[in-house]
Amino acid sequence: MMPEPRSFDAYLPAPFGGLGIGIEGDRVARISFLSTAPPSGSISHPLLDQVRDQLRRYMEDPHARLQLPLHWQGTPFQQRVWQELRRIPVGSTRTYGEIAKRPNSSARAVGGACRTNHLVLIVPCHRVVAAGGLGGFSGETEGVMPNIKRWLLNHEGALNGEW
DNA sequence: ATCAGGTCTCAAG
DNA sequence: CTTGAGACCTGAT
């Protein structure tokens, strides 16, 4: 049996597919890439309106700020990496190795932390690339997800015709 | 204790 | 240029 998929409280279509949004109480708990709208209907909540709003704005302008009350859940190491990633400016990228340097960690460990990112876009995992290329995304080394990564980086102006 | 992973690096063909 | 092995650290079983 596959693990029970997390439920989403709202769905927002996007140029690269769509985004699922889930909240816990009055905080955003997860934002993920979805290819189709989740079966469960969306609920009504002011926070969801706010999230949709900010995400839509980001689609138009990559510099739009994403400022939302967030609900973090992860190991200390993961949280540390995520916070670090949030400091990568729009339009630039870091390699897994670069991120790993600080805590004397390793590139693979960073990849692992990225893979478990449940706040896509807010934690810009898409700005972390491999030393020799685009690198994987959301657990895939090729296919749909890396294409989304490409879209996002291009949207942010971080690709100079490469990859 | 063991293994797999969104990698890196270096050495050899 | 391409391939392969070993090394790195974390998280899950």
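Numbered from 1 within each chain, the chains take letters A, B, ... in sequence-line order.
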* Residue-phosphate contact under 4.0 Å: A/T75 side-chain N/O, C/dG11 OP1/OP2 -> yes
Select one nucleotide: of [options], the one nearest the side-chain heavy atoms of [X].
{"X": "A/S106", "options": "B/dG6, C/dC8, C/dT10", "value": "C/dC8"}
{"X": "A/A109", "options": "C/dC9, C/dG11, B/dT9", "value": "C/dC9"}
{"X": "A/R115", "options": "B/dG6, C/dG11, C/dC9", "value": "B/dG6"}
{"X": "A/A130", "options": "B/dC8, C/dC8, B/dG6", "value": "B/dC8"}

Measure [atom1]/[X] against [atom2]/[N] and give the value in whole Å, please.
{"X": "A/E98", "N": "B/dT9", "atom1": "CD", "atom2": "C1'", "value": "15 Å"}
{"X": "A/R108", "N": "B/dG5", "atom1": "CZ", "atom2": "C1'", "value": "5 Å"}
{"X": "A/Q78", "N": "B/dG6", "atom1": "CD", "atom2": "C1'", "value": "14 Å"}
{"X": "A/K101", "N": "C/dA7", "atom1": "NZ", "atom2": "C1'", "value": "17 Å"}
{"X": "A/I99", "N": "B/dT7", "atom1": "CD1", "atom2": "C1'", "value": "13 Å"}
{"X": "A/L152", "N": "B/dG6", "atom1": "CG", "atom2": "C1'", "value": "15 Å"}

* Specify whether A/F33 and A/F16 have parallel, tilted or perpendicular ring planes, treating 30° as the upper limit for parallel and 60° as the lower limit for perpendicular. =>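 A/F33 vs A/F16 ring planes: perpendicular.
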Quick one: label [X] by what it contacts on the DNA or RNA (base, sugar-phosphate, nothing), any heavy atom closer than 4.0 Å.
{"X": "A/Y96", "result": "base"}
{"X": "A/G139", "result": "base"}
{"X": "A/V128", "result": "base"}

* Asked: For the side chain of A/H118 and the backbone of A/G74, is there at least one donor-acceptor N/O pair under 3.5 Å apart?
  -> no
* Under 3.5 Å, side chain of A/E140 to main-chain N/O of A/P146, donor-acceptor pair present? -> no
* Enclosure of A/R102 CZ (heavy-atom neighbours >12, cutoff 6.0 Å) ->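 Atom CZ in A/R102 is not crowded, with 12 or fewer foreign heavy atoms closer than 6.0 Å.
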* Considering residues, nucleotides and ligands other than A/E162, do more than 12 of their heavy atoms fall under 6.0 Å from its CD? ->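 Correct, the count exceeds 12.
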* Taking for each residue the nucleotide of DNA chain C with the nearest heavy atom, is it A/T116 or A/N104 whose nucleotide lies nearer the 5' end? ->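 It is A/N104, whose closest nucleotide lies nearer the 5' terminus.
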* Provide the Watson-Crick or G-U wobble partner of C/dG6, both distances under 3.5 Å; none if there is no partner. =>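 By the stated definition (distances under 3.5 Å), B/dC8 pairs with C/dG6.
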